[in-house]
Amino acid sequence: MIEPANFVPSSSQTDFIHSLIAKMTLEEKVGQMVQKDLSTKADLVSEAAQGSIGALLTIKDPDYIRACQNAAKGKSRLKIPLLVGNDIIHGYKLTYPIPLALACSWNPEMIAEIARQSAIEARQHGTNWIFAPMVDICRDSRWGRVAESTGEDTYLSSRLAEAWVCGFQSLPQIAACVKHFAAYGAVEAGRDYNTVDISERTLREVYLPPFKAAIQAGAKSIMPSFTDLNGLPATINPLLLTQILRREWGFQGVVVSDYDAIGELVHHRVCANLREAALKSLLAGIDIDMMSGAYQGYLIDLVENGSVPSSLIDDAVFRILQMKLEIGLFDAEAPITLESQTNRGKQLALDAALQSTVLLKNEGNVLPIQPDRMQKIVLIGPFAANTLDLLGCWTFDPHTDNLLSLENALRLELNSEDCLLVEDGCDFTSDSWDHQRSIQAAKAADIVVLALGEPAAMSGEAHSRAHLNLPGAQQQLAQSILALDKQVVLIIFAGRPLCIPQLDEAADAVIYAWHGGQEAAKAVAQLITGKKNPSGKLAITIPRSEGQIPIYYNHKSTGRPYNLKGTFQFNQEHRSIYIDESVLPLYPFGHGLSYSSFAITDLSIQNPHLQKDSELVFTVKVRNTGLMRGTEVLQVYYQDCVSAYTRPVKELVAFRRLELDPGEQETLYFRIPASSFCTLDAAYQPYLDLGEYKLWLASSSQQGLEAFFSIH
Ligand code: NOJ
């Protein structure tokens, strides 16, 4: 595992910062608290030379960045370097799968390496501050930003958050910024920027742990979310920013507002104007104002007329300068080797796409397609020839030359040109489609590969959807082809789980390929031709219909669970179900098939009656019972059988990826601290229920090898 660079400020560093602050004018101090992009048409080079900005935002041009940085470091009075912030969400030039896809790899080591490679590229182009990872738990795939998230599970997201932070910050002169604090993923109705209103228990149990994990891994900065939380915008929310972040977690780093989030306090109608917004934000602990102009416009006056103590400005500037110093911005530029455009970097993007792709269904082992059997393959759909939409929703400055489409990639994998016929069928926008040609082509096929989905621009920020269907005429196209009674492999490229129950039922095989980055097509081609074996496991539940949302595996039991019996009334229809839809998802969290099969056996708990300050110790065997080398992601879930507060039906508590040859067996050894089974008491302090617990060793959240243990 990549380790974070270890920055411990020495007393001489602290002295340096204090002496710098002592030399600064109020204007220069406020300048450090201002971050700008180029949309204001401001001359940022001059502002940097005057010391009236401390950070840049979303600037790609390395020459412009260098000019600003030279002005700050060379011409400004105190020669303080600039922070250069950018959103490196899934790569810089080299584009990896979207984070939601990467999460399906359940591979923190690989994600740390991706973060490191992205940071190397970013730094080469002048960036030193990365607005990632986004660690918002999301149980609602209508929200467009689900693509940037690592899915629905707190434990998995926490482990991946650590990996991202360690990967980014393993490089000198890079700071990570974990976002969006907190519970942005819980926006009502999945509509971006909408209200968030959840209990403090849910906030603390479900949404906060990935932030805490990122901070414990050393994240240098944090960004509050645009949204309100339980009645107060996150930007000025004292529970989040003062109580939890600073008091409980002891975070010493920088808090940066989201883009114009200080200005948006006026639209939230909790501030009358920008001046009041500046005042409240400073008092709440926002160190850097991203783009609202409030700090630049009003802080000096607010200090001079006594509305805010100058010590608050000094505290914020101290944190900003400390971050600049800790990551080495005052030093000469550290040399870096650019590995990411080498074969190694491309191989990493390919591995990531391979490990992110999830085989959902494979009836009759229709996959892999055997190239040597000379089957006639017809590839149909808007993703057959498309390349750019494979990249995903938050590309920064991607390489777009030589991208492979699925058609090109399949031609490279198949031995013969003649066996592949390609039809676009339809596009993403129009309701019409080339019925005649597509049907004719499909009729001639031994196997039809349908390449469908949503374009990259339908997910990401401000791209929430109310209808999670296939846009355009894709549904009609697919239904007509599926009615032909041919073998059909359905491949979905998307930034979120889509609701496709009928197509899923009719297709023989279904692959969820997400938006897999620059190597996506190659990965899918290698997987469907059997050159590689699928290993992805869903990091988010796939619903059957929008009406089931929010849907997630670790829901509570309820007093009338859908699968239990009770009183006469409960046994009839008064259960927690729908009258017009199943309560079960289309595919559950953790699900994902392989061309191999795996047997999980011989679970042996060494201490089934453990003490509350000890560890649960157990072993389990996993055997590859298939014919191909393959990877299983072994998942460990538990249930607190009887608890003081209602708790989820099951919760992920550990996982392990392991690759096995056919017939090979491995014994896995687990030690899980009893504290991992804690919940929160009435005062939200960690609290361990004593008594019985259930354990599952599983290949998905739906079933597994069961055992019990108890805590005393
Ligand atoms: C708004 C987004 O919410 C945030 O994630 C991003 O870092 C900033 N804009 C800067 O681009």
Side-chain angles (χ1 to χ4, degrees), residues 34-40 44 53-61 65 82-92 98-100 115 118-119 122 125-138 143-150 157 161 164-165 168 174-187 190-194 196 207 210-211 214 219-229 233-235 240 253-265 267-268 281 286-294 392-397 459-464 495:
V34 171
Q35 181 177 34
K36 284 192 183 172
D37 68 15
L38 286 169
S39 65
T40 53
L44 300 184
I53 50 167
L56 307 179
L57 171 71
T58 333
I59 300 178
K60 282 183 195 156
D61 179 0
I65 294 175
L82 296 170
L83 287 165
V84 181
N86 277 315
D87 294 283
I88 313 302
I89 309 302
H90 52 112
Y92 190 99
I98 55 170
L100 183 57
S118 313
H125 295 85
T127 297
N128 51 37
W129 192 17
I130 295 182
F131 295 129
M134 176 177 127
V135 301
D136 303 319
I137 295 298
C138 180
W143 190 46
R145 302 197 81 169
V146 66
E148 296 172 63
S149 83
T150 46
S157 293
W164 245 295
V165 171
F168 286 141
I174 286 284
C177 179
V178 57
K179 64 189 190 184
H180 308 84
F181 194 52
Y184 186 10
V187 281
R191 185 156 52 81
D192 207 1
Y193 316 122
N194 202 4
V196 176
Y207 291 91
F211 286 94
K220 295 277 159 206
S221 60
I222 191 165
M223 183 191 294
S225 96
F226 279 127
T227 49
D228 67 340
L229 173 70
T235 306
L240 288 175
V254 168
V255 180
V256 56
S257 80
D258 203 342
Y259 195 104
D260 189 32
I262 297 182
E264 288 172 15
L265 295 174
H267 301 300
H268 276 289
S281 301
I286 301 289
D287 299 323
I288 297 183
D289 171 4
M290 184 195 286
M291 282 305 295
S292 84
C393 64
W394 206 321
T395 52
F396 192 73
D397 189 13
S459 56
E461 186 179 344
H463 288 79
S464 296

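We're numbering straight along the sequence, starting at 1. Just so you know, these numbers come straight off a predicted model, no measurement behind them. Whatever order the structure lists them in is the order used to number ligands and atoms, beginning at 1. Heavy atoms only: backbone and side chains are in, while hydrogens, waters and symmetry mates are out.
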D258 neighbourhood, listing ligand 1 atoms whose heavy-atom distance to it stays under 4.0 Å: 1 (C), 2 (C), 3 (O), 4 (C), 6 (C), 8 (C), 9 (N)
Residue, atom name and distance, where the atom is the protein heavy atom closest to atom 11 (O) of ligand 1: D87 OD2, 2.5 Å
Spatial distance of atom CD1 (I59) from atom NE2 (H125) [nearest 0.5 Å]: 14.5 Å
Ligand 1-proximal atoms of R145, by part, heavy-atom distance under 4.0 Å: side chain
Flag side-chain contact, heavy atom, 4.5 Å: L100 against E148: no
Any donor-acceptor pair under 3.5 Å from T235 side chain to S257 backbone: no
W143 and D192: side chain donor to acceptor below 3.5 Å: yes
Residue pair D37 / Y259, side-chain donor-acceptor N/O under 3.5 Å: yes
Close approach of H180 to ligand 1, heavy atoms, under 4.0 angstrom: yes
Contact check, M223 vs ligand 1, heavy-atom distance below 4.0 Å: yes
K179: numbered ligand 1 atoms lying under 4.0 Å from its heavy atoms: 4 (C), 5 (O), 6 (C), 7 (O)
Distance under 6.0 Å and angle within 45° of ring axis: K179 vs W394: yes
Atoms of ligand 1 close to F226 [distance to a heavy atom under 4.0 angstrom, numbered from 1]: 1 (C), 3 (O)
